[in-house]
Engineer: 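Please find one structure pasted underneath; my questions will follow.
Throughout, protein chains are lettered first and strands after them, A, B, ... in sequence-line order, and every chain is numbered starting at 1.
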Amino acid sequence: MIASPDRTPLPRDFFDRPVLEVAPDLLGRILVRTTPDGPIALRLTEVEAYDGPNDPGSHAYRGRTARNDVMFGPPGHVYVYFTYGMWFCMNLVCGPEGRASAVLLRAGEIIEGAEQARTRRLSARNDKELAKGPARLATALDVDRVLNGTDACASGDTPLRILTGTPVPADQVRNGPRTGVAGDGGVHPWRYWVADDPTVSPYRAHVPRRRRG
DNA sequence: CATCCGATTGACT
DNA sequence: GTCAATCGGATGA
């Protein structure tokens, strides 16, 4: 028989650990987004770690600003940022508080509420593409800047929650360089994914943008 | 101010 | 494979 995923919330202590410990441990966990149109649940299959003070790839590398303020706050909260003038991406803040480390949620498998996710992801050619990529994941779950700072470990009626799920065994976890990260930030192999999972996004090296003429 | 460019995606050759 | 879209954060004059 197949064990059903554990639907109890992850405790805040889970996130109050170094980000390189938390990131691989998030694979297989379940993110639940509650909307007026019903719940959407996603099983995490790909994440990236960003370690504020040591990490040139992190938004927090150059210190605290209005944008990255949530990263400097308590673990277990959601950091949402806007990028390329079009997209949102979401992170979960890790400990210790003030270190400004976070895990970017890059991809997952929609396990509940796919009908709703499809209405926001009209370009997806199949359900495996619904959340294949960080901005796609945020779009599928209807996450935008309104949810920045949300506590994903809170009890009660919350818009976003992270559940225990079924952690992925260590021998199924792969890691490699982070996707699209420029310069010295690209050296760290801090992208983690589930081996052979069809919802994991393709790796892309950083490409500097050409200047507009 | 002005400029650069991004933790991306989708459309197109 | 190439490249435009589109906006705002970060930086520097």
Engineer: Using the six-membered ring for Trp and the full ring for Phe, Tyr or His, decide whether A:Y50 stacks on the six-membered base ring of B:dA7 (centres under 5.5 Å, planes under 30°).
Structural biologist: yes
Engineer: Looking at B:dT8, I'd like to know if its phosphate oxygens (OP1 or OP2) sit under 4.0 Å from a side-chain N or O belonging to A:T179.
Structural biologist: no
Engineer: Please determine, by modelled atom types, if A:D6 and A:T8 share a side-chain donor-acceptor pair under 3.5 angstrom.
Structural biologist: yes
Engineer: In whole Å, I'd like the distance from the CZ atom of A:R145 to the P atom of C:dT6.
Structural biologist: 16 Å
Engineer: Taking the six-membered ring for Trp and the single ring otherwise, decide whether the centroids of A:Y81 and A:H59 are under 6.0 Å apart.
Structural biologist: yes
Engineer: Could you tell me whether A:G57 contacts a base, only the sugar-phosphate backbone, or nothing, with contacts defined as non-hydrogen atoms closer than 4.0 Å?
Structural biologist: base
Engineer: Assign A:Y84 to base, sugar-phosphate, or nothing according to its heavy-atom contacts below 4.0 angstrom with the strands shown.
Structural biologist: base
Engineer: What integer distance in Å separates A:E46:CD from B:dT8:P?
Structural biologist: 10 Å
Engineer: Any idea which of C:dT6, B:dA7, B:dT9 is nearest the A:S58 side chain?
Structural biologist: B:dA7
Engineer: If you find the nucleotide of DNA chain B closest to A:A182 and the one closest to A:P134, which residue's nucleotide is nearer the 5' end?
Structural biologist: A:A182
Engineer: Applying a 3.5 Å limit to both distances, which nucleotide forms a Watson-Crick or G-U wobble pair with C:dG1?
Structural biologist: B:dC12
Engineer: Under the criterion side chain to side chain contact (heavy atoms under 4.5 Å, CB included), which of A:V168, A:L163, A:I110, A:T199 is the partner of A:R43?
Structural biologist: A:V168
Engineer: Ignoring the backbone of A:R67, work out which of C:dG9, C:dG8, B:dT9 is nearest its side chain.
Structural biologist: C:dG9
Engineer: Could you check how far CZ of A:R178 sits from P of B:dT8, rounded to whole Å?
Structural biologist: 11 Å
Engineer: Could you state the OH-P distance from A:Y203 to B:dA7, rounded to the nearest angstrom?
Structural biologist: 14 Å
Engineer: Between the base of B:dA7 and the side chain of A:Y81, is one N or O donor paired with an acceptor at under 3.5 angstrom?
Structural biologist: yes
Engineer: Going by salt bridge (charged side-chain N to carboxylate O under 4.0 Å, His left out), A:D127 matches just one of A:R121, A:K132, A:R118. Which one?
Structural biologist: A:R118
Engineer: Is it true that a side-chain atom of A:N68 and a backbone atom of A:T65 form a donor plus acceptor pair closer than 3.5 Å?
Structural biologist: yes
Engineer: When we call it a touch if two heavy atoms are under 4.0 Å apart, what does A:H206 touch: a base, just sugar-phosphate, or nothing?
Structural biologist: sugar-phosphate
Engineer: Looking only at the side chain of A:M86 (C-beta and beyond, no hydrogens), which of the listed nucleotides C:dT6, B:dG6, C:dA10 gets closest?
Structural biologist: C:dT6
Engineer: Find which nucleotide of DNA chain C each of A:W87 and A:H59 is nearest to by heavy atoms, and output the residue with the more 5' nucleotide.
Structural biologist: A:W87
Engineer: Figure out the CZ/C1' separation between A:F88 and C:dG9, and round it to whole Å.
Structural biologist: 14 Å
Engineer: In whole Å, what separates the C1' atom of B:dA7 from that of C:dG1?
Structural biologist: 23 Å
Engineer: Describe the nucleic acid contact of A:R125 in one word from base, sugar-phosphate, nothing, applying a heavy-atom distance below 4.0 Å.
Structural biologist: nothing
Engineer: Rounded to whole angstrom units, what separation is found between the CZ atom of A:F82 and the C1' atom of C:dT6?
Structural biologist: 7 Å
Engineer: Measure CZ/A:R62 against P/B:dA7 and give the value in whole Å, please.
Structural biologist: 10 Å
Engineer: Could you tell me the Watson-Crick or G-U partner of C:dT6, where both distances fall under 3.5 Å? Say none if there is no partner.
Structural biologist: none
Engineer: Quick one: which of B:dG10, B:dA7, C:dG9 gets closest to the side chain of A:S123?
Structural biologist: B:dG10
Engineer: Within the 4.0 Å heavy-atom criterion, would you say A:R204 contacts the bases, only the backbone, or no part of the nucleic acid?
Structural biologist: base
Engineer: If you compare every side-chain N and O of A:R136 against the phosphate oxygens of B:dG10 (OP1, OP2), does one of them come in below 4.0 Å?
Structural biologist: yes
Engineer: Between A:R29 and A:D25 (salt bridge meaning N to carboxylate O under 4.0 Å), is one present in this structure?
Structural biologist: yes
